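Working notes, structure below.
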Amino acid sequence: MSDAGVAHWLVYALAGAGIIGVGLYGFLTRRHLLRRVIAFNVIGSGIFILFGATGYRDADLGADPVPQALIITGVVVAISLTALAAALIARQAEEAGAALLPEDEEPPHGRKG
Amino acid sequence: MSAALFFDVALCLLLLAVALAAVVGRDIFGSIVFFITYGILVAIAWIRLEAVDVALAEAAIGAGLTGALLVGTWRRLRRGRAEDLPGRPDDPQDPLPATLHRRCTGVLCLVLTGGLGWAILNLPEASTGLIPEVSANLETTGVSNAVTGVLLGFRAFDTLLESIVIAVALVAVWALTAEGLWGASPGLRQHAKRDGVLATFGRILPPIGLVIAVYLVWAGSTLPGGAFQAGTVAGAVLLLTAMAGHGEPPAVTDPRLRLAVVAGPLVFLAIGITGAFFGSFLALPPAWSKTLITLIEVVLSGSIAVTLAYMVLGVPREPEHRRSRS
């Protein structure tokens, strides 16, 4: 195994770890539900990259097909969940007037004084 | 640093920057555009990891269909004036200001990334994973694309459940239909200008897309491709035709539509149960394996196409202005 091969998967695995952190930050700090769905997809994608990169640790052997098959399954399940979440958000916005969860609504004003 | 490594590092930095822009971008539409860009960059990353099947799925589903779905939802929310909101404002009852909350969250996310990075760097010496097992037994599946062999041979149970999951998700989306609209055509009515860009592409691209979809499902047994990639491309063709106004999508109560949605899982299940009489559930006899896998893939890609297209179209909605144009 060449040195470049080692670094190759390692770069992507570490990037996957970074993407998971970025997505989680957005998921925790943003209130708009559509933004949370985007963040959820970013987290999922980071996990796939981390998983796929660790399945490619030996460049001479090539990529392990089992993680690849599981990732394709995961990508399809992710869009199913995204579609359901999008429909739920649109319905919530129609019913409540805002794409927010009740606990994330504006805090009551005027309590300061 | 070799040129290849330089490319990998640059691509990964770009991925991180675009992911951050997609997550914290100033307005939602910008975030969605960054997310689509991110999906395309990830597809390039998968090619660098020699996972071409995943790259195809990511480009078609992660960037393409998810992007269309998010833009459609954004439009629906804008119509309902549920637009973007600033970050969480200061809560007078909460002693910690919102900026401090955000900073603490950021530090915790960095700790998580650091922990994952530490685990990656401390992985045990490279193992061969399941590569030897797959290549030793691939012959029994009759296909030479290892990913297709895993999806429809060794891990067929996962794939069967997955094909059921997307059908159930579509039923769940339909269940959110507003009262009184059940039976209408799904999705917003599109206003495509005659001979405009969308209408023209709606005529030019579908035949090309269909040829690509047929190629992907047919080539899937020997080359990268397969039911999911082909189904997504065919689903995009259906969506484009509907969006360009070249045909009203069938109503959700249409029995032919429902048959199309469940045909894939049903054929898969029927072949699996037949296998139970000859060996075990979902075990394909090696002599027939390739034929059966191709049959499952063809029917499944049709179901996936219809299901994904209807997922993106969404729930049936009131026609705008009662079809004022016609």
Side-chain angles (χ1 to χ4, degrees), chain A residues 4 7-8 11-15 17-26 28-29 31-32 34-35 38-39 41-42 45 49 52-53 55-58 61-66 68-69 71-73 75-77 79-80 82-84 86-91 93-94 97-99 106-107 111-112, chain B residues 2 5 8-9 12 15-16 19-20 22-24 28 31 35 42 49-51 53-54 57 61-62 65-66 69 73 76-77 80 82 84-85 88 91-92 102 105-106 109-110 112-113 116-117 120 126 128-131 134 146-147 150-151 155 158 162 165-166 169 172-173 176 228 311 314-315:
Chain A
H8 179 68
V11 170
Y12 286 98
L14 291 175
I19 291 165
I20 295 171
V22 166
L24 188 66
Y25 175 74
L28 291 175
T29 57
R31 290 192 300 161
H32 196 283
L34 203 54
R35 282 184 180 280
I38 295 175
N41 273 289
V42 169
S45 169
I49 293 174
Y56 184 59
R57 287 171 67 195
D58 193 336
L61 274 176
D64 194 336
V66 179
Q68 288 189 60
I71 290 165
I72 292 174
T73 309
V75 167
V76 177
V77 171
I79 193 183
S80 306
T82 305
L84 179 56
L88 281 168
I89 292 168
R91 191 67 198 274
E94 276 160 24
E106 302 286 323
R111 289 206 188 162
K112 269 179 191 162
Chain B
S2 70
L5 188 60
D8 291 331
V9 172
C12 285
L15 272 177
L16 280 168
L20 191 67
V23 160
V24 301
I28 290 192
S31 282
F35 181 74
V42 169
L49 291 170
E50 285 186 36
D53 295 81
V54 185
I61 301 178
L65 278 190
T66 311
L69 180 69
T73 314
R76 259 185 90 184
L77 293 179
D84 200 4
L85 302 143
R88 180 190 288 275
D91 186 341
R102 261 200 294 275
T105 314
C109 292
L110 275 179
L112 173 76
T113 294
L116 284 172
I120 293 164
T128 52
L130 290 168
I131 300 171
V134 170
V147 178
V150 173
L151 271 173
R155 302 291 320 161
D158 293 354
E162 176 194 14
V165 161
I166 60 167
V173 169
L176 293 164
F228 293 105
M311 259 185 207
V315 298

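Everything numeric in this text was worked out from a predicted model, so none of it was measured. Each chain gets a letter, A, B and so on, in the order the sequences are listed, and its residues count up from 1. Because only heavy atoms are used, hydrogens play no part in the values below, and waters and symmetry mates are left out as well, while side chains stay in.
- Taken to the nearest 0.5 Å, the CG atom of A:Leu28 stands 5.5 Å off from the SG atom of B:Cys109.
- When the salt bridge (charged side-chain N to carboxylate O under 4.0 Å, His left out) test is applied to B:Asp8, the partners found at least two apart in sequence or on another chain are B:Arg48.
- Applying the salt bridge (charged side-chain N to carboxylate O under 4.0 Å, His left out) test to B:Glu50 and every residue at least two apart in sequence or in another chain returns nothing.
- Only the side chain of B:Val42 has a heavy atom closer than 4.5 Å to any heavy atom of chain A.
- Nearest heavy-atom pair across A:Ala86 and B:Thr73 is CB-OG1, 3.4 Å.
- If you take OG1 on A:Thr73 and CD on B:Glu162, they are separated by 4.5 Å, rounding to the nearest 0.5 Å.
- When all heavy atoms are compared, the tightest approach of B:Ile131 to A:Gly62 is CD1-O, 3.7 Å.
- How far CG of B:Leu20 is from CD1 of A:Ile19: 11.0 Å, rounded to the nearest 0.5 Å.
- The shortest side-chain heavy-atom distance between A:Arg35 and B:Ile28 falls under the 4.5 Å cut-off.
- At least one side-chain heavy atom of B:Leu77 sits less than 4.5 Å from a side-chain heavy atom of A:His32.
- In this structure, chain A has heavy atoms under 4.5 Å from both the backbone and the side chain of B:Leu65.
- B:Met311 and A:Ile79 make their closest contact through SD-O, 4.4 Å (heavy atoms, listed as atom of the first residue, atom of the second, distance).
- When the candidates A:Leu61, A:Val76, A:Thr82 are compared by the number of heavy-atom contacts under 4.5 Å with chain B, A:Val76 comes out ahead.
- Heavy-atom pairs under 4.5 Å with chain A peak, among B:Asp158, B:Asp53, B:Leu112, at B:Asp53.
- Of the atoms belonging to B:Val134, it is side-chain heavy atoms, and not backbone ones, that fall under 4.5 Å from chain A.
- Between chain B and the residues A:Ala87, A:Gly55, A:Ala69, the largest count of heavy-atom pairs under 4.5 Å involves A:Ala69.
- Of all the heavy atoms in B:Ile120 and A:Ala17, the pair that sits closest is CD1-CB, 4.1 Å.
- Interatomic distance, A:Ile38 CD1 to B:Phe35 CZ, rounded to the nearest 0.5 Å: 7.0 Å.
- With chain A as partner, the option from B:Leu15, B:Leu16, B:Leu110, B:Val165 having the largest number of non-hydrogen pairs under 4.5 angstrom is B:Leu16.
- Using a 4.5 Å cut-off between heavy atoms, A:Glu94 touches chain B through its side chain atoms alone.
- Counting all heavy atoms, side chain and backbone alike, B:Leu176 lies closest to A:Arg91 at O-NH1, 3.0 Å.
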Decide yes or no on side chain to side chain contact (heavy atoms under 4.5 Å, CB included) for A:Tyr25 and B:Val24, but give the supporting numbers first. CA-CA 9 Å; A:Tyr25 175 74; B:Val24 301; 3.9 Å; yes

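- At a 4.5 Å heavy-atom cutoff, the contact between A:Leu24 and chain B is made by backbone and side-chain atoms alike.
- Across every non-hydrogen atom of B:Ile166 and A:Ser80, the tightest pair is CG2-OG, 2.9 Å.
- In terms of heavy-atom pairs under 4.5 Å with chain B, the best-connected choice from A:Ala39, A:Gly18, A:Gly26 is A:Gly18.
- Tested against A:Pro65 for a side-chain contact (heavy atoms from CB on, under 4.5 Å), the candidates B:Leu130, B:Val150, B:Leu151 yield a single pass: B:Val150.
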